[in-house]
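In what follows, a structure is listed as structure tokens, so that the remarks can point back to it.
Just so it is clear, the values below take in all heavy atoms, side chains as well, and ignore hydrogens, waters and symmetry mates. Small disclaimer: the values here were computed from a predicted structure and weren't measured.
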Amino acid sequence: DARNNMFNPLTIAYEVGERILPANLIDKVEYDYAIRKQAHADAKTALRGQIDDAKERAKRKLGEAFDERDYPTADEIVGKFTMSLTYRHLPETKGLYIVGLSDERNQEVQDDMQQEVTDRLADAVDSIRERVVDVVGHLAEVASKYHYDKDGKVQGRFKDTTVTKVTDLGKILDDLNITDCPRIAKASAELKAKLSTITPDGIKNSAGERQRVAAEAKSIVNNLEGLYA
């Protein structure tokens with residue numbers, strides 16, 4: 001839950017095990033993380049009790065055949081479950097100097113490191129564009145397909161999170177646009193202007209709203225990727 005529903009949506013993919021956290025979102029991440037950290041601690045406490053209960057049942061069932069050494073301790077089991085949040089800066093290249101290398105070679109090393117960072121940031125921005133296309137494109141699809149058939153039954157049901165993911169993304173997209181990509185900036189402005197107040201019920205209860213939302217969502221995706229004609 002912490003990784004998939006809180007941390008990942010507020011951060012940008014960088015490399016395996018690490019993500020970029022925009023400075024403007026640090027307070028929100030740390031607040032949400034603290035809530036989940038407490039839930040994690042409570043779950044470990046509950047697990048410890050379940051382990052003790054299971055051992056007691058084993059003692060009653062096995063009698064003299066029960067051997068405490070056959071079972072891991074509660075500390076050993078609970079200790080397998082950890083949760084942490086750590087920070088580090090993006091690699092700094094300016095001022096880097098490796099003793100024993102010529103000035104020319106040192107400059108080459110700096111340039112190579114800087115290029116790697118630049119390439120990774122470009123990939124990070126690409127992942128944000130892909131996220132917008134995926135989230136907003138899915139909204140366009142469900143808004144287009146949702147309808148009532150001739151018998152009055154709903155067709156094309158969708159989860160409320162399909163809508164809330166779009167509105168939530170619109171609130172933080174400017175912060176995620178770490179390289180000031182103009183296409184992402186435009187998408188952010190359009191999300192705020194056209195889709196910031198949409199609701200699941202509003203889409204479900206109004207054919208006109210569904211048509212508007214589908215058209216606006218397709219337009220935003222088209223401006224980013226040209227997926228819709």
Side-chain angles (χ1 to χ4, degrees), residues 1-91 120 123-124 126-128 130-139 141-142 145-146 153-173 175-176 178 199-201 203-204:
D1 174 62
R3 180 183 297 109
N4 296 327
N5 297 325
M6 182 275 289
F7 190 65
N8 287 357
L10 296 174
T11 57
I12 310 164
Y14 185 65
E15 60 182 30
V16 178
E18 296 184 337
R19 299 179 67 87
I20 298 173
L21 172 60
N24 289 344
L25 297 177
I26 287 179
D27 287 345
K28 178 169 178 53
V29 165
E30 292 191 339
Y31 176 80
D32 291 347
Y33 176 79
I35 294 174
R36 287 164 171 81
K37 182 70 171 178
Q38 183 58 56
H40 183 260
D42 293 342
K44 289 174 71 171
T45 298
L47 175 60
R48 184 179 294 277
Q50 293 168 5
I51 294 168
D52 292 339
D53 290 344
K55 283 190 175 182
E56 286 300 318
R57 291 194 299 271
K59 285 181 181 179
R60 292 193 297 270
K61 182 177 180 180
L62 298 176
E64 294 182 357
F66 178 84
D67 188 340
E68 184 79 32
R69 294 170 297 180
D70 292 338
Y71 301 87
T73 66
D75 285 342
E76 289 173 333
I77 296 174
V78 174
K80 297 293 185 180
F81 299 91
T82 61
M83 182 175 176
S84 63
L85 175 65
T86 57
Y87 300 104
R88 75 176 180 91
H89 288 291
L90 289 173
R120 287 181 180 271
D123 290 342
D126 283 341
S127 74
I128 294 302
E130 291 170 0
R131 187 190 303 185
V132 177
V133 168
D134 180 57
V135 172
V136 181
H138 184 50
L139 175 66
E141 181 180 359
V142 300
K145 292 182 177 180
Y146 188 93
K153 295 182 179 180
V154 172
Q155 301 296 320
R157 292 183 183 275
F158 62 89
K159 295 181 179 179
D160 289 356
T161 53
T162 299
V163 178
T164 56
K165 283 181 179 179
V166 172
T167 54
D168 288 346
L169 181 59
K171 295 174 184 177
I172 63 172
L173 189 54
D175 294 318
L176 296 176
I178 55 176
T199 64
D201 287 342
I203 294 173
K204 293 173 183 177

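The salt bridge (charged side-chain N to carboxylate O under 4.0 Å, His left out) pairs that include a residue from residues 73-83 are Arg48-Asp75, where partners are two or more places apart or lie in different chains. Identified under the ring pair (Phe, Tyr, Trp, His ring centres under 6.0 Å) test for residues 36-66, with sequence neighbours left out: Phe66-Tyr71.
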Anything under 3.5 Å between a donor and an acceptor, one on a side chain of residues 25-32, the other on a protein residue two or more places apart or in another chain? List them.
residue : atom : partner : partner atom : Å
Lys28   : NZ   : Asp32   : OD2          : 3.3
Glu30   : OE2  : Tyr87   : OH           : 2.7

Distance-only criterion, 3.5 Å: show the donor-acceptor pairs between side-chain atoms of residues 4-13 and protein atoms not counting sequence neighbours.
residue : atom : partner : partner atom : Å
Asn5    : ND2  : Asp1    : OD1          : 3.1
Asn8    : OD1  : Arg19   : NE           : 3.4
Asn8    : ND2  : Arg3    : O            : 3.4
Thr11   : OG1  : Phe7    : O            : 2.8
Thr11   : OG1  : Asn8    : O            : 3.4
Thr11   : OG1  : Arg19   : NE           : 2.6

Residues 50-63, side-chain donor-acceptor partners within the protein, below 3.5 Å, at least two apart:
residue : atom : partner : partner atom : Å
Lys55   : NZ   : Glu68   : OE2          : 3.1
Lys55   : NZ   : Pro72   : O            : 3.0

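A distance of 7.0 Å separates NZ of Lys165 from OG1 of Thr162, quoted to the nearest 0.5 Å.
Residues satisfying the side-chain hydrogen bond (donor to acceptor under 3.5 Å, both in side chains) criterion with Asp175, sequence neighbours excluded, are Asn24. Judged as a side-chain contact (heavy atoms from CB on, under 4.5 Å), and not counting sequence neighbours, Glu130 has no contacts. Listed by chain and number, the residues in a side-chain contact (heavy atoms from CB on, under 4.5 Å) with Glu64 amount to none (sequence neighbours excluded). In this structure Phe158 satisfies the ring pair (Phe, Tyr, Trp, His ring centres under 6.0 Å) test together with Tyr146, sequence neighbours excluded. For Asp160, the side-chain hydrogen bond (donor to acceptor under 3.5 Å, both in side chains) test picks out Lys204, with sequence neighbours left out. Listed by chain and number, the residues in a side-chain contact (heavy atoms from CB on, under 4.5 Å) with Lys145 are Glu141 (sequence neighbours excluded).
At least one side-chain heavy atom of Leu169 sits less than 4.5 Å from a side-chain heavy atom of Leu176.
Of all heavy-atom pairs between Gly79 and Thr82, the closest is O-CG2, 3.7 Å.
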